[in-house]
Amino acid sequence: MKIRVLSETVPGERRVALVPDVAAKLAAASFDVAIQAGAGAAAGLVDDAYRAAGVGVDPDRQALLEAADVLLAVQPPGLEDVAALRPRAATISFLQPATQAEVIKALAARGVTAFSLELLPRISRAQSMDALSSQGSLSGYKGVLMAANRLGKFFPMLMTAAGTIPPARVLVLGAGVAGLQAIATARRLGAVVEAYDVRPAVKEEVKSLGATFLELELEAQEGEGGYAREQGEEFLTKQRELLTERVAAADVVITTAAVPGRRAPLLVTASMVGGMRRGSVLVDLASDTGGNCEVTRPGQVADVDGVWVDGTTNVPSTVPLHASQLYARNVTNLLQHLAGAEGLRLDFEDEITRACCVTHDGQVVNERARQMMVAEANRR
Ligand code: NAD
């Protein structure tokens, strides 16, 4: 069973799908593992560390693609790479079904079996494979540091001979994996934290981290599988109205609200940003899917009339070593669920396999992926 890993080619991507110590475990389990020369460099991982782990290192991308039984990657494969894969090869990566319809159709046409980590079910059996969680947690942590770095204030309360400094006020919108880690990080730095989510189930978790849960007089539509559902425009308008005053009171707003496969909901309008104090910071961790703030420019940090609006995309890539380590464990755990050293053993009765397999035997076999592709095509 040949496992192959390439250098990531999406601009700004610094992660790599396998790190040496995880690759060593695969090699010990009789998988034949090879990686493109330099693939770990942006995460600080040198080729010699892979060699020492029993991994082949090859500069020839095309040869690696042609040999792969399973290609492990972080980002969805590019069209050129898909064309070089063998029919019946498999890929495991983030596949971004909503925006990668062309790649998904190409994978199906090529006869490749492609798995999407976004579609992994959120069940306890799949927790060790949950790359959305591992990477979301890094985003929440780093998002708070990015905000602290720009804010012209301390986070903690300080009592000094020169006077008392009050603690910074942080508002976290969306209390999923990234939001909860943002709350924990902001609390560790000493800020006073408020948080809001449409799912009332997270209230106790928010409180246990030492933050206040904002109760808005709104009735949200329940989602499925622990996820939020896309709320109607009327709900979102009312939500923005009710949040305006809390956004204005905050020194830092961290937004993380998302609905799987949909554009991020708009929680903070331009006029709400206009109501924030000069020197305040908004970090929009939903910028990869369009952003929660109307004035976010994905990939840019802008001074909007004295308020910093940080739309950095792919935040996990700014912590590339730990992001890669966690991702490598997630992807390897899924690989070992789907395959042994002798080859793939796909059981479509199994919930994990069925939920995250997107293409197989020349077809797009995943209804959720298909719905995401259609919803995005209609939105455009
Ligand atoms: P996500 O990234 O899809 O969304 C982030 C948060 O945004 C969610 O909490 C969501 O409720 C919230 N949100 C959506 N619309 C909003 C709006 N209009 N206003 C405010 N907030 C809004 O979610 P996620 O972080 O990937 O987590 C989703 C769920 O999965 C959570 O319940 C999490 O605890 C659960 N989970 C379970 C497992 C497991 O059991 N294996 C593992 C990881 C996560």
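Residue numbers count from 1 along this sequence. One-based numbering, in listed order, for ligands and for the atoms of each.
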- prompt: CZ/Phe115 to CG/Leu72 distance, rounded to the nearest 0.5 angstrom?
  reply: 11.5 Å
Top protein contact for atom 42 (C) of ligand 1, by heavy-atom distance: Asp130 OD2, 3.2 Å
query: Below 3.5 angstrom, do we get any N/O pair linking Tyr227 and ligand 1?
result: no
query: Is the side chain of Gln75 donor-acceptor paired with the backbone N or O of Glu13 at a distance under 3.5 Å, no angle test?
result: no
statement: Separation between CZ (Arg188) and OG1 (Thr185), nearest 0.5 Å, reads 4.5 Å
query: Is there a heavy atom of Leu236 sitting under 4.0 angstrom from any atom of ligand 1?
result: yes
message: I'd like to know if atom 32 (O) of ligand 1 has any protein heavy atom within a distance of less than 4.0 Å.
response: yes
field: For Phe31, the option from Asp69, Val55, Ile3, Thr332 that meets side-chain contact (heavy atoms from CB on, under 4.5 Å)
entry: Ile3
query: Taking the six-membered ring for Trp, are the ring centroids of Tyr327 and Phe94 within less than 6.0 Å of each other?
result: yes
task: Determine whether any heavy atom of Gly136 lies closer than 4.0 Å to an atom of ligand 1.
output: no
- request: Indicate whether the side chain of Asn366 and that of Arg354 have a donor and an acceptor atom separated by less than 3.5 Å.
  value: no
message: Donor-acceptor pair, distance only, cut-off 3.5 Å: does the side chain of Ser287 make one with the backbone of Thr312?
response: yes
message: Below 4.0 Å from ligand 1: does a non-hydrogen atom of Glu230 turn up there or not?
response: no
message: Judged on heavy-atom distance to atom 9 (O) of ligand 1, which of Asp197, Val172, Leu285, Asn292 sits nearest?
response: Asp197
query: Among all protein non-hydrogen atoms, which one is nearest to atom 43 (C) of ligand 1, and what is the separation to 0.1 Å?
result: Ser133 OG, 2.9 Å
message: Quick test of your reading of the structure: of Ala258, Pro200, Pro260, Gly174, whose heavy atom lies closest to atom 14 (C) of ligand 1?
response: Ala258
task: May I ask whether Leu173 has any heavy atom positioned less than 4.0 angstrom from an atom of ligand 1?
output: no
query: Less than 3.5 Å between some nitrogen or oxygen of Glu205 and one of ligand 1, yes or no?
result: no
query: Hey, which atoms in ligand 1 end up nearer than 4.0 Å to a heavy atom of Arg199?
result: 8 (C), 9 (O), 10 (C), 11 (O), 31 (C), 32 (O)
- line: atom 41 (N) of ligand 1: closest protein heavy atom, distance to 0.1 Å, is Gln127 CG, 3.0 Å
field: Given Thr318, Leu326, Val177, the one that forms side-chain contact (heavy atoms from CB on, under 4.5 Å) with Leu138
entry: Leu326
- prompt: Which heavy atom of the protein is the closest neighbour of atom 37 (C) of ligand 1, given with residue, atom name and distance?
  reply: Arg122 CG, 3.6 Å
query: Looking only at protein heavy atoms, which one is nearest to atom 5 (C) of ligand 1, and how far off is it?
result: Thr256 O, 3.4 Å
query: Does Leu267 reach ligand 1, in the sense of a heavy atom lying below 4.0 Å from it?
result: yes
